[in-house]
Engineer: 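Handing you this structure, nothing more for now.
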2 protein chains.
Amino acid sequence: MQTEDEERRVRVSLKDVAELAGVSVKTVSNVVNKYQHVTPATREKVQRAIDDLDYRPNLTARHLRKGRTGIIALALPELGNPYFAELAGAVIDAAGEHDYTVLLDHTQGSRERELLVTQGFRARVIDGLILNPLELEAEDLAARTDTAPLVLIGERRYDLPYDHIAIDNIAAARTAVSHLLDRGRRRIAFLGARGDRASQPAHLRLLGWRTELAARGVPADETLVAPVEGWDRADGAAAMAALLDAGHRPDAVFAYNDLIAIGAMRVMSERGLRVPEDVAVVGFDDLTEGRYGAVTLTTVAPDKQAIARLAVESIVGRLEEPKTPGGADGSDPGGRARHGDAGPAGDGAGNGEGGAENGEGAVVPRQLQPGFTLVERESTLGRSPAH
Amino acid sequence: MQTEDEERRVRVSLKDVAELAGVSVKTVSNVVNKYQHVTPATREKVQRAIDDLDYRPNLTARHLRKGRTGIIALALPELGNPYFAELAGAVIDAAGEHDYTVLLDHTQGSRERELLVTQGFRARVIDGLILNPLELEAEDLAARTDTAPLVLIGERRYDLPYDHIAIDNIAAARTAVSHLLDRGRRRIAFLGARGDRASQPAHLRLLGWRTELAARGVPADETLVAPVEGWDRADGAAAMAALLDAGHRPDAVFAYNDLIAIGAMRVMSERGLRVPEDVAVVGFDDLTEGRYGAVTLTTVAPDKQAIARLAVESIVGRLEEPKTPGGADGSDPGGRARHGDAGPAGDGAGNGEGGAENGEGAVVPRQLQPGFTLVERESTLGRSPAH
DNA sequence: TCCGTCTTGTATAACGTTGGAAACACGGGG
DNA sequence: CCCCGTGTTTCCAACGTTATACAAGACGGA
């Protein structure tokens with residue numbers, strides 16, 4: 001041990017490589033960055049030195065100089081919820097395809113933590129942020145000072161100049177309810193109402209429930225709308241128990257998500273109600289978990305891969321926007337000092353033309369809607385679909 | 001709008017603050033870093049300027065200067081497995097307590113990706129790495145050149161100078177089997193054998209199964225050891241189906257993990273076997289999911305919080321090691337860093353004296369064993385324990 | 001009064017990288 | 001043989017921060 005050799009070096013910088021290769025630091029930098037005007041001989045010489053020393057660029061320094069890290073932050077409410085865990089996996093994969101790495105945080109649905117995250121995470125080292133807000137208010141987002149691109153996912157909608165990615169919740173809920181109606185169910189409960197915030201996602205699904213019932217001429221029995229305290233299995237169980245305790249006897253349940261549905265089914269099973277004979281159940285999220293209960297769960301399946309892909313592409317797109325479209329080479333005229341243009345004019349809307357790029361500031365926010373499908377299951381026990 | 005004022009400035013640096021306050025850059029830095037020798041008057045003056053400009057330190061520059069990023073990478077096999085998702089959440093929380101942020105990647109159990117991760121992730125921006133390897137070989141790890149601290153978690157053991165954190169799998173498995181024996185079961189199947197790699201974690205649990213049976217004088221029927229292809233529900237279902245198809249009739253099942261147990265229970269329920277009357281089941285991991293099936297699942301619960309905490313503390317400890325212990329520069333007199341107390345000596349080898357630091361290179365690897373408990377459930381439907 | 005000592009603040013040099021411009025080879029045409 | 005254009009490489013500065021060394025006062029004791 002104690003070899004003075006490359007093994008021992010704690011940190012290899014461009015300078016070390018340059019010394020070994022007998023060239024200047026910038027030349028090494030040029031090779032690393034694939035700058036075109038480098039002699040093949042020089043390039044090879046440098047490359048060999050790079051390999052010998054196992055040089056890898058220090059991204060912190062590069063970031064300080066260029067303003068990019070190659071890291072995207074992803075902030076989700078909770079990883080314990082399989083939906084978010086699966087979504088996180090999808091985002092990591094999608095980011096990887098663009099050579100981005102994902103910094104992950106969970107907010108526990110706390111407004112404070114969500115706020116913290118929007119203000120530059122813990123570390124101001126990220127190129128962009130994908131956030132699934134639960135409690136955050138529009139004013140919190142409006143007050144955001146960080147300039148990294150932000151894209152929102154999930155059902156909450158804000159009237160703010162940020163890209164937003166969410167499936168059409170009303171249509172999805174209607175599909176679920178329609179499915180139950182098609183099977184002759186009429187007393188369809190909705191599990192997962194939450195009164196506190198009008199823009200809450202549950203509101204949209206409840207709206208879908210009401211809309212579809214109305215469209216089909218079935219009176220909506222509002223006593224069958226059960227509130228929940230949270231979004232986990234226990235909350236579904238509690239809601240279902242409350243419903244039954246109050247004397248209601250629905251013949252179907254549409255749950256805000258699969259976890260609530262699973263909790264509800266558990267209560268029904270305890271009370272001797274058979275699923276689906278006595279009560280048909282439809283959930284939301286298409287968790288793998290739902291496929292392996294005593295009864296497999298029919299569910300609305302948002303396209304998680306699409307959500308992840310769109311979110312990542314939104315960030316990447318925003319990052320590349322300022323670039324001149326035709327600037328194929330590396331010269332990048334006027335490249336640096338991007339600061340000062342990112343701030344949108346603010347209030348006044350004014351996103352008239354939908355031109356591909358209108359280089360002049362004015363970010364045009366996009367509302368993207370990935371698809372969803374209704375996955376109907378009849379106790380089929382298949383292989384776990386790879387995903 | 002268009003105010004030239006603080007609003008408009010996209011980036012405020014120490015220099016700007018220094019100019020406004022009429023002091024030097026370093027003085028501002030001193031105030032920001034709470035350096036003690038600053039006159040109250042100066043401090044206040046600077047603080048006012050900081051507030052006026054809404055200055056926030058550029059962490060990238062700070063990291064470049066200090067050589068730390070505050071980011072720990074966490075590489076897990078798969079986020080789709082709730083165990084890993086819950087573990088990831090615990091790691092994020094534990095890291096947060098030390099002001100670290102977590103960069104997350106999943107390796108899909110691919111040796112190639114695991115290798116990639118050990119070699120400095122995609123980005124050289126991490127202070128340390130927590131890795132749960134599945135396929136990685138000892139030689140891969142031995143060839144590692146990256147110098148960031150690495151800690152291994154999970155059941156695979158390597159004889160290498162890295163901290164390793166895993167519960168005592170043999171003891172845990174014995175506890176599970178003992179529990180079943182106590183209830184009069186004698187034909188206890190083991191679901192989750194995998195022949196391919198001797199050091200595979202499943203081997204340890206299988207060993208525990210054999211050991212406990214032997215200790216209790218119950219002959220081990222090796223035909224009740226069912227192999228699996230993977231670690232998910234479908235694999236458990238397939239294994240159980242194969243077992244039953246072969247004509248075996250176990251009166252109990254000890255599954256390698258909860259997912260396999262859930263898959264197995266699903267098959268049993270399809271075939272009219274009652275749990276636990278006909279077949280008692282014990283799983284491993286204590287997934288929330290296991291609490292809400294038709295039958296709640298008794299399971300071995302590794303202390304995920306402890307695993308996460310120990311892993312993070314290992315990294316943080318290694319990072320702070322080089323520091324001089326007595327350097328009480330005022331703030332925080334050595335208070336933090338509890339590392340190094342929890343672990344029993346593990347095997348024989350090495351760590352003779354408990355000397356705090358032996359600064360001379362020579363890293364002493366630690367084998368840490370968080371605890372576990374057997375969680376026995378009798379169809380209790382409680383609230384989801386917060387976590 | 002003078003000189004150490006202690007306190008407080010400043011100037012300067014890094015950290016590792018890249019952009020811009022200047023410098024330097026190398027041939028070919030005049 | 002010189003000069004100039006082209007293509008390649010080097011030099012210098014800067015990104016924003018903190019460490020080090022040092023200067024400037026304040027203060028007390030001899």
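Chain A is the first sequence line, chain B the second, and so forth, proteins listed ahead of strands; every chain is numbered from 1.
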Engineer: Please list, one pair per line, the donor and acceptor atoms closer than 3.5 Å that link side chains of residues 38-51 of chain A to other protein atoms, with sequence neighbours excluded.
Structural biologist:
unit_1	atom_1	unit_2	atom_2	d
A:Arg43	NH2	A:Tyr35	O	3.3
A:Gln47	NE2	A:Asp51	OD1	3.2

Engineer: Kindly say whether A:Leu136 contributes a backbone atom to a donor-acceptor pair with the side chain of A:Glu114 at under 3.5 angstrom?
Structural biologist: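 It does hold such a pair.
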
Engineer: Got a sec, which residues hit side chain to side chain donor-acceptor pair (under 3.5 Å) with A:Thr107, two or more places apart in sequence or on another chain?
Structural biologist: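 Here no residue qualifies.
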
Engineer: Would you mind reading off the distance between B:Leu14 atom CG and D:dT18 atom P, rounded to a whole angstrom?
Structural biologist: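 So the two atoms are 6 Å apart, to the nearest Å.
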
Engineer: Let me know the distance between NZ of A:Lys15 and P of D:dT10, rounded to the nearest Å.
Structural biologist: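 Atom NZ in A:Lys15 sits about 16 Å away from atom P in D:dT10.
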
Engineer: Give the rounded distance in Å between these two atoms: CZ of A:Arg62 and C1' of D:dG16.
Structural biologist: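 Atom CZ in A:Arg62 sits about 19 Å away from atom C1' in D:dG16.
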
Engineer: Please identify each residue that fulfils side chain to side chain donor-acceptor pair (under 3.5 Å) with B:Ser24, with sequence neighbours left out.
Structural biologist: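 If we apply the side chain to side chain donor-acceptor pair (under 3.5 Å) test to B:Ser24, skipping adjacent residues, the hits are B:Thr27.
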
Engineer: Can you check nucleotides 21-26 of chain C for protein contacts, nitrogen or oxygen pairs under 3.5 Å, and list what you find?
Structural biologist:
none

Engineer: Taking the minimum atom-to-atom distance to the side chain of A:Asn58, which one of D:dT10, D:dT18, C:dG16 wins?
Structural biologist: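 Nearest nucleotide to the side chain: C:dG16.
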
Engineer: So which of A:Asp93, A:Ile71, A:Ile92 actually passes side chain to side chain contact (heavy atoms under 4.5 Å, CB included) with A:Val102?
Structural biologist: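 It is A:Ile92; the other options fail the test.
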
Engineer: Once side-chain contact (heavy atoms from CB on, under 4.5 Å) is applied, do any residues pair with A:Ala138, and if so which ones, sequence neighbours excluded?
Structural biologist: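 Partners of A:Ala138 under the side-chain contact (heavy atoms from CB on, under 4.5 Å) test: A:Tyr158, A:Leu160.
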
Engineer: If you fit an axis to the five pairs at each end of the helix from C:dT1-D:dA30 to C:dG30-D:dC1, how big is the angle between those two axes, to 10 degrees?
Structural biologist: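 So the angle between the two local helix axes works out to 80°.
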
Engineer: With a cut-off of less than 4.0 Å, is there a side-chain N or O of B:Arg65 near OP1 or OP2 of D:dG16?
Structural biologist: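 No, no such contact exists.
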
Engineer: Within the distance-only criterion (no hydrogens, no angle test), does the side chain of B:Arg113 pair as donor or acceptor with the backbone N or O of B:His106 below 3.5 angstrom?
Structural biologist: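 It does hold such a pair.
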
Engineer: By side chain to side chain donor-acceptor pair (under 3.5 Å), which residues pair with B:Arg65, not counting sequence neighbours?
Structural biologist: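 Partners of B:Arg65 under the side chain to side chain donor-acceptor pair (under 3.5 Å) test: none.
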
Engineer: Rounded to the Å, how far apart are B:Asn33 CG and C:dT8 P?
Structural biologist: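 Rounding to the nearest Å, CG of B:Asn33 and P of C:dT8 are 17 Å apart.
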
Engineer: Between A:Ser24 and D:dT10, is there a contact of a side-chain N or O with OP1 or OP2 at under 4.0 Å?
Structural biologist: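 The answer is yes; a side-chain N or O of A:Ser24 sits under 4.0 Å from OP1 or OP2.
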
Engineer: Would you mind reading off the distance between B:Leu59 atom CG and D:dT17 atom P, rounded to a whole angstrom?
Structural biologist: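 Rounded to whole Å, this separation is 9 Å.
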
Engineer: Go through the structure and list residues passing side chain to side chain donor-acceptor pair (under 3.5 Å) with B:Tyr55, not counting sequence neighbours.
Structural biologist: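 Applying side chain to side chain donor-acceptor pair (under 3.5 Å) to B:Tyr55 gives none.
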
Engineer: The criterion is salt bridge (Lys or Arg N to Asp or Glu O under 4.0 Å); which residues satisfy it with A:Asp127, sequence neighbours excluded?
Structural biologist: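 With sequence neighbours excluded, A:Asp127 shows a salt bridge (Lys or Arg N to Asp or Glu O under 4.0 Å) to no residue whatsoever.
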
Engineer: Can you name the side-chain contact (heavy atoms from CB on, under 4.5 Å) partners of B:Arg62, sequence neighbours left out?
Structural biologist: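 If we apply the side-chain contact (heavy atoms from CB on, under 4.5 Å) test to B:Arg62, skipping adjacent residues, the hits are B:Val32, B:Asn33, B:Pro57, B:Leu59, B:Lys66.
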
Engineer: Does the side chain of B:Asn30 get closer than 4.0 angstrom to OP1 or OP2 of D:dT18 through an N or O atom?
Structural biologist: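 False: B:Asn30 side-chain N/O out of range (4.0 Å or more) of D:dT18 OP1/OP2.
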
Engineer: Scan nucleotides 5-8 of chain D against the protein and return all N/O pairs shorter than 3.5 Å with their distances rounded to 0.1 Å.
Structural biologist:
unit_1	atom_1	unit_2	atom_2	d
D:dT8	OP2	A:His37	ND1	3.0
D:dT8	O3'	A:Thr39	OG1	2.8

Engineer: Check whether any side-chain nitrogen or oxygen of B:Ser29 sits under 4.0 Å from OP1 or OP2 of D:dT18, and answer yes or no.
Structural biologist: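 Checking D:dT18 against B:Ser29, a side-chain N or O does come within under 4.0 Å of OP1 or OP2.
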
Engineer: Between atom NZ in B:Lys45 and atom P in C:dT8, what is the gap in whole Å?
Structural biologist: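 Rounding to the nearest Å, NZ of B:Lys45 and P of C:dT8 are 14 Å apart.
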
Engineer: For A:Pro149, give me all partners under side-chain contact (heavy atoms from CB on, under 4.5 Å), at least two apart in sequence or on another chain.
Structural biologist: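 A:Pro149 satisfies side-chain contact (heavy atoms from CB on, under 4.5 Å) with A:Ile315, A:Arg318, A:Leu319 only.
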
Engineer: How many Å lie between CG on B:Leu64 and C1' on C:dA14, as a whole number?
Structural biologist: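 Taking atom C1' of C:dA14 as the reference, CG of B:Leu64 is at 9 Å.
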
Engineer: Rounded to the Å, how far apart are A:Lys66 NZ and C:dC15 P?
Structural biologist: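 In whole Å, C:dC15 P lies 22 Å from A:Lys66 NZ.
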
Engineer: Taking any heavy-atom pair under 4.0 Å as a contact, classify B:Val23: base, sugar-phosphate, or nothing.
Structural biologist: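 Sugar-phosphate contact only.
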
